[in-house]
Amino acid sequence: MENLDEIMLKAETLIEALPYIRDFNGKKVVVKYGGSAMLDEKLQESVIKDVALLKLVGMQPIIVHGGGKEISKWLGYMGKESEFVEGLRVTDADTMEVAEMVLSKVNKHLVQMMEKLGVKAAGISGKDGGTMLCRKKTASGTDIGFVGEVVSVNSDLIDTLIENDFIPIIAPIGMDENYQAYNINADDAASAIAKCIKAEKLAFMTDIDGVCMDKDNPDTLISVLPVDEAKYLIENGTIAGGMIPKIRNCIEAVEQGVSRVHILDGRKRHCLLLEFFTKQGIGTAIIDHNLNLYPHERSE
């Protein structure tokens, strides 16, 4: 039996969430779902419940999912090693076939989990309705096969699904002008979609806490990071290595109309709710500048 203090704490948490729920009502939110959070069944359930709740409190969530670890596993079953250049999977014709098969399987599993909660979901890829037009991408001048760079996004199908009360769940596969399929980095796909629909929020679920002043010390987590400061942290080496392309993706999204981009540790249960609906948050929110706060934040 819960004591009164525990019950009151829950009530205070709900009250803290009220202004955020009000401000986000009817707003589009893109969630890039990947990393370790996809591998643990309990974490999967937690993420899907969080996104379902976003929908039920009036937001318009869109999931863009990865599946890299699952693709590597299936390639391993075939005796085929995974090869990466600058974090991008080298994708020959056989790998492309496996990637599309695996991503479709992951996509429909996520739809099934969402529908089980009583929330309507529809699984598509960037090929459906010409949602993501791609061109061939290279890495440092190296041909890495059927890896796509998003040229443009057509949001017609996404908009239609949202208008009919569905949560779109999108696999990062696109086509070029000749209808050749390409595997797209899920971060790039989520960012392109968020920019096209001018999303209120873009959340990257990763395997890190967020942006830290000292990457080895989670206590140095930066809760709110203006884009100018983010650029400076890249220049001075605080943000380095594999974080650089991710943060540049975030900066570009904010500069092209996404109100906030969040970097969250998807291994922490309910990280989406804690980041979206509490003042302190749990990850890093990248914003245009320090004054780009929500009305209730400015008044406090």
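Atoms considered below: every heavy atom in the structure, side chains included; atoms not considered: hydrogens, waters and symmetry mates. Not measured: the values here are computed from a predicted model.
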Check [X] against [Y] and note the closest heavy-atom contact, atom names and distance.
{"X": "Ala186", "Y": "Gly66", "answer": "CB-CA, 3.9 Å"}
{"X": "Asn154", "Y": "Gly130", "answer": "CB-O, 3.4 Å"}
{"X": "Ala253", "Y": "Leu202", "answer": "CB-CD2, 4.1 Å"}
{"X": "Pro218", "Y": "Asp209", "answer": "CB-OD2, 3.4 Å"}
{"X": "Val151", "Y": "Cys134", "answer": "CG2-C, 3.8 Å"}
{"X": "Val64", "Y": "Ala189", "answer": "CG1-CB, 4.0 Å"}

Can you tell me how far apart [atom1] ([X]) and [atom2] ([Y]) are? Round to the nearest 0.5 Å.
{"X": "Lys49", "Y": "Leu54", "atom1": "NZ", "atom2": "CG", "result": "14.5 Å"}
{"X": "Lys201", "Y": "Leu272", "atom1": "NZ", "atom2": "CG", "result": "10.0 Å"}
{"X": "Glu275", "Y": "Met205", "atom1": "CD", "atom2": "CE", "result": "11.0 Å"}
{"X": "Ile144", "Y": "Thr138", "atom1": "CD1", "atom2": "OG1", "result": "7.0 Å"}
{"X": "Asp159", "Y": "Cys196", "atom1": "CG", "atom2": "SG", "result": "7.5 Å"}
{"X": "Glu229", "Y": "Ile234", "atom1": "CD", "atom2": "CD1", "result": "11.5 Å"}

With distance as the sole test, does [X] use its side chain to make a donor-acceptor pair with the main-chain N or O of [Y] at under 3.5 Å?
{"X": "Thr206", "Y": "Leu264", "result": "yes"}
{"X": "Asn236", "Y": "Thr238", "result": "yes"}
{"X": "Lys136", "Y": "Gly145", "result": "yes"}
{"X": "Asn107", "Y": "Ile169", "result": "yes"}
{"X": "Glu200", "Y": "Val29", "result": "no"}

Ionic contact status for Arg269 with Asp50, cut-off 4.0 Å
no
Worksheet item: Under 4.0 Å between a Lys/Arg side-chain N and an Asp/Glu carboxylate O for Lys73 and Glu70?
Response: yes
Task: side chain to side chain contact (heavy atoms under 4.5 Å, CB included) evaluation trace for Tyr33 with Gln44 - done: CA-CA 10 Å; Tyr33 177 36; Gln44 273 193 14; 3.0 Å; yes
The side-chain contact (heavy atoms from CB on, under 4.5 Å) partner of Val211 among Leu221, Thr220, Ile222 is Ile222
Exactly one candidate in Val90, Ile173, Thr91 meets side-chain contact (heavy atoms from CB on, under 4.5 Å) with Phe146; the answer is Thr91
Shared hydrophobic cluster for [X] and [Y] (ILVMFWY, side-chain gaps under 4.5 Å):
{"X": "Val51", "Y": "Ile21", "value": "yes"}
{"X": "Leu157", "Y": "Met175", "value": "no"}
{"X": "Val111", "Y": "Leu56", "value": "yes"}
{"X": "Phe204", "Y": "Leu233", "value": "yes"}
{"X": "Leu273", "Y": "Leu43", "value": "no"}

So, do [X] and [Y] sit near enough that their side-chain heavy atoms are less than 4.5 Å apart?
{"X": "Thr95", "Y": "Asn183", "value": "no"}
{"X": "Cys271", "Y": "Asp265", "value": "no"}
{"X": "Val47", "Y": "Met38", "value": "no"}
{"X": "Pro168", "Y": "Ile162", "value": "yes"}
{"X": "Ile197", "Y": "Val30", "value": "yes"}
{"X": "Asn249", "Y": "Asp188", "value": "yes"}
{"X": "Ile247", "Y": "Ile263", "value": "yes"}
{"X": "Ile48", "Y": "Ile63", "value": "yes"}

In terms of ring plane angle, is the pair Phe276 and Phe24 parallel, tilted or perpendicular, where the classes change at 30° and 60°? perpendicular
Does the side chain to side chain contact (heavy atoms under 4.5 Å, CB included) test come out yes or no for Met243 and Ile208, once each step is laid out? CA-CA 10 Å; Met243 279 296 288; Ile208 59 171; 3.1 Å; yes
Return a table of donor-acceptor pairs under 3.5 angstrom between the side chains of residues 76-85 and protein atoms on other chains or two or more places apart.
from	atom 1	to	atom 2	distance (Å)
Lys80	NZ	Asp92	OD2	2.8
Ser82	OG	Ser72	OG	3.3
Ser82	OG	Arg89	NH1	3.0

Kindly check if the number of other-residue, nucleotide or ligand heavy atoms within 6.0 Å of [atom1] ([X]) is above 12?
{"X": "Glu45", "atom1": "CD", "answer": "yes"}
{"X": "Lys108", "atom1": "NZ", "answer": "yes"}
{"X": "Met213", "atom1": "CE", "answer": "no"}

In sequence, state the C-alpha distance, the side-chain angles, and the governing distance for Ile287 and Val254, and then conclude on side chain to side chain contact (heavy atoms under 4.5 Å, CB included). CA-CA 7 Å; Ile287 65 174; Val254 170; 5.7 Å; no
Contacts satisfying salt bridge (Lys or Arg N to Asp or Glu O under 4.0 Å) that involve residues 242-259 (not counting sequence neighbours) are Asp187-Lys246, Lys195-Glu252, Lys231-Glu255
Show which side-chain atoms of residues 114-127 pair as donor or acceptor with protein atoms under 3.5 Å away, not counting sequence neighbours.
from	atom 1	to	atom 2	distance (Å)
Glu115	OE2	Ala121	N	3.1
Lys120	NZ	Asn164	O	3.1
Ser125	OG	Lys127	N	3.1
Lys127	NZ	Glu100	OE2	2.7

- prompt: Can you list the steps and then say if Val102 with Leu75 is a side chain to side chain contact (heavy atoms under 4.5 Å, CB included)?
  reply: CA-CA 10 Å; Val102 170; Leu75 288 171; over 6 Å; no
